[in-house]
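Numbers here simply count residues along the sequence, with the first being 1. In each ligand, atom 1 is the first atom listed, and ligand 1 is the first ligand listed.
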Amino acid sequence: MLRLYNTLTRREEPFEPQRDNTVRMYACGPTVYARAHIGNFRTFVCLDVLRRTMKYLCGHAVHEAVNYTDVDDKTIAGSQAAGLPLRDYTDKWIVAYREDSDTLGIETPEETPRATDEANLRAMSDMILALEKNGHTYRRDGSIYFKISTMPQYGKLAHLDVAGMKDGARVDVDEYTKDDPRDFVLWKATKPGEPTWDFGAGPGRPGWHIECSAMALRLLGEPPIDIHAGGIDLIFPHHENEIAQSEGATNHEFARFWVHVEHLFVENEKMSKSLGNVYTLAEIRERGHRPSALRYLLLSSHYRKQLNFTWTGMDQAEEAIRRMVDFLARLEDVPPSPEGFGAAGIGDGSHPHVAKSIATARAAFKDALEHDLNTAAALAAVFELVRDVNAAIDAKAISKAESQDVQKALEDFDRVLGVISLRRAEDAEPPVAVEEIEKLIEDRKAARHRRDFAAADRIRSELAERGILLEDNPGGTRWKKK
Ligand code: AMP
Ligand code: ZN
């Protein structure tokens with residue numbers, strides 16, 4: 001059974017969904033005011049592997065919501081600077097996020113709500129009114145605040161000593177006046193030039209924390225939901241405040257398991273937009289690396305350990321995937337039995353060692369992931385199998401049927417890891433757009449026609465550098481990938 005570390009209890013606990021074998025899971029999604037960076041994607045890729053583990057290894061169904069935070073100080077400031085309505089401005093970043101997320105092989109969650117969808121804004125208002133009814137709020141200058149002194153259990157997730165709590169960098173200390181600096185805003189009074197809605201809580205816009213509480217409960221049903229997840233920086237105050245809001249409004253536990261992914265670092269500093277040390281997926285590709293290698297790198301260490309991003313690490317990830325791909329090609333080349341390697345086997349041409357290696361790898365892979373999603377150990381199990389079976393191929397001690405069993409095992413592993421399938425899709429895509437290749441072939445033809453062979457050669461060699469080879473045949477010029 002899957003064991004997951006639960007931030008709420010600070011322990012690893014056996015995990016199963018509470019109802020209908022369906023995991024109801026919410027992950028805080030991107031704030032859509034810029035392209036997400038690969039630190040953000042560490043969180044999303046690790047949570048994708050959690051989702052896939054539960055689906056493909058544990059046999060659960062998954063109902064997952066990942067939101068777009070499309071209204072907050074940053075999105076509003078960005079839309080004002082761009083001179084665009086908020087929704088149009090954030091549309092662009094949502095498209096960019098989806099593109100990168102697909103390119104990294106992240107499965108699309110069942111629900112991808114936007115905070116400014118009307119149904120969500122209504123759910124936020126309703127939740128605030130329920131909190132008001134339960135005595136957890138106060139109003140000041142048109143804004144509504146959560147009064148944390150009304151929640152004795154406040155601090156249970158972050159394990160805070162609330163009495164001694166100081167205002168941290170991310171505590172919402174803004175120009176709105178509060179009774180107590182620890183209180184946080186639920187609904188912000190309208191300010192000039194800012195978007196504003198009124199669905200019962202008065203004119204204004206939602207605070208960040210209420211968005212997630214309301215969307216999680218609206219989309220995933222009766223509390224408690226099974227898993228709430230995000231990056232580790234969200235434990236406090238965001239997730240603590242989500243608990244206060246959801247539990248204050250419903251009087252039920254909000255989420256059973258809280259899963260937090262450690263940060264991606266660069267040169268031993270957290271990768272974050274405010275530090276300016278971020279890389280986007282596009283920048284990784286510009287340096288000649290494949291998204292599959294980034295996905296691999298992000299999975300190469302346990303999600304609760306810090307991971308330091310380096311270019312050497314990217315090279316090693318490329319190399320690791322190349323080993324897997326080469327290995328798969330070698331399996332393809334195992335000739336059919338009995339003429340092939342199978343003839344060297346015992347009795348019926350079988351090699352018990354191969355079946356044993358497969359069984360060992362399958363068990364080790366499952367164990368690793370079931371043990372709090374240990375992707376590093378799962379990858380080690382895959383490479384153990386690669387090593388064993390490479391030796392069997394060298395010794396011609398494997399039959400075609402056995403090689404197919406190995407392929408099947410690797411396919412099953414990859415349903416969870418999602419690396420090889422991604423690499424295959426990348427290989428199927430030419431590194432230069434087909435239209436561009438075709439246009440360059442035409443340009444080259446024209447250059448040759450006017451006897452400008454230097455220009456024609458330049459086109460050929462530039463394309464070769466970008467991974468496309470041209471072949472001249474009597475019928476015309478054809479291209480292929482290097
Ligand atoms: P944001 O777009 O800032 O709301 O962040 C989206 C997600 O990325 C949140 O779950 C963050 O906790 C997570 N995140 C931000 N920076 C990093 C990082 N350097 N490493 C891993 N996750 C991060
Ligand atoms: Zn959230």
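Donor-acceptor pairing under 3.5 Å is recorded for the side chains of Thr75 and Asp72.
Using bins of under 30°, 30° to 60° and over 60° for the plane-to-plane angle, the ring pair Phe15/His60 lands in the perpendicular bin. Ring geometry for Tyr89 against Trp93 counts as perpendicular: the plane angle is over 60°, on a 0 to 90° scale with 30° as the lower cut. By the 30° and 60° cut-offs, the orientation of the rings of Phe383 relative to Tyr296 is perpendicular. Ring planes of Tyr145 and Tyr138: parallel class, angle under 30° (limits at 30 and 60°).
Within ligand 1, the atoms closer than 4.0 Å to a non-hydrogen atom of Gly39 are 17 (C), 18 (C), 19 (N), 20 (N), 21 (C), 22 (N), 23 (C), numbered from 1 in the order shown. Atoms of ligand 1 lying under 4.0 Å from at least one heavy atom of Gly231, given by number and element, are 10 (O), 12 (O). Atoms of ligand 1 lying under 4.0 Å from any heavy atom of Leu264, numbered from 1 in the order shown and given with element: 18 (C), 19 (N), 20 (N), 21 (C). Ligand-side atoms of ligand 1 in range of Thr31: 1 (P), 2 (O), 4 (O), range being under 4.0 angstrom from any heavy atom. The atoms of ligand 1 that sit less than 4.0 Å from any heavy atom of Thr43 are 10 (O), 13 (C), 21 (C), 22 (N), 23 (C).
At least one N or O atom of Asn40, backbone or side chain, sits closer than 3.5 Å to an N or O atom of ligand 1. Ligand 1 has no nitrogen or oxygen under 3.5 angstrom from a nitrogen or oxygen of Lys270. Residue Met271 has at least one nitrogen or oxygen atom sitting less than 3.5 Å from a nitrogen or oxygen atom of ligand 1, judged on distance alone.
By the criterion of a heavy-atom distance under 4.0 Å, the side chain of Leu234, and not its backbone, is placed next to ligand 1. Only the side chain of Phe44 comes within 4.0 Å of ligand 1, judged by heavy-atom distances. Contacts with ligand 1 closer than 4.0 Å are made by backbone heavy atoms (N, CA, C, O) of Glu262 only, the side chain lying farther away.
Applying the salt bridge (charged side-chain N to carboxylate O under 4.0 Å, His left out) rule to pairs touching residues 114-125 yields Asp70-Arg114, Arg87-Asp117, Asp91-Arg114, Glu118-Arg122, sequence neighbours excluded. Applying the salt bridge (charged side-chain N to carboxylate O under 4.0 Å, His left out) test to every pair with at least one member in residues 308-321, sequence neighbours left out, gives these pairs: Arg290-Glu318, Glu319-Arg322.
No donor-acceptor distance shorter than 3.5 angstrom exists from the side chain of Arg415 to the backbone of Arg52, with no hydrogens or angles considered. Judged by distance alone, with hydrogens and angles left aside, the side-chain atoms of Ser292 form no donor-acceptor pair with the main-chain N or O of Val419 at under 3.5 Å.
Every residue two or more places apart in sequence or in another chain that forms a ring-ring contact (aromatic ring centres under 6.0 Å, His included) with His289 is listed here: Trp311.
Listing protein N, O or S atoms at distances below 2.8 Å from the Zn ion (ligand 2), with waters left out, gives Cys28 SG, Cys212 SG, His238 NE2.
Taking a 4.0 Å cut-off on heavy atoms, Pro30 registers as neighbouring ligand 1. At least one heavy atom of Asp233 sits under 4.0 Å from some atom of ligand 1.
Among Phe146, Phe236, Trp208, the single residue meeting the ring-ring contact (aromatic ring centres under 6.0 Å, His included) criterion with Phe184 is Phe146.
The shortest distance between side-chain heavy atoms of Leu219 and Pro113 falls below 4.5 Å.
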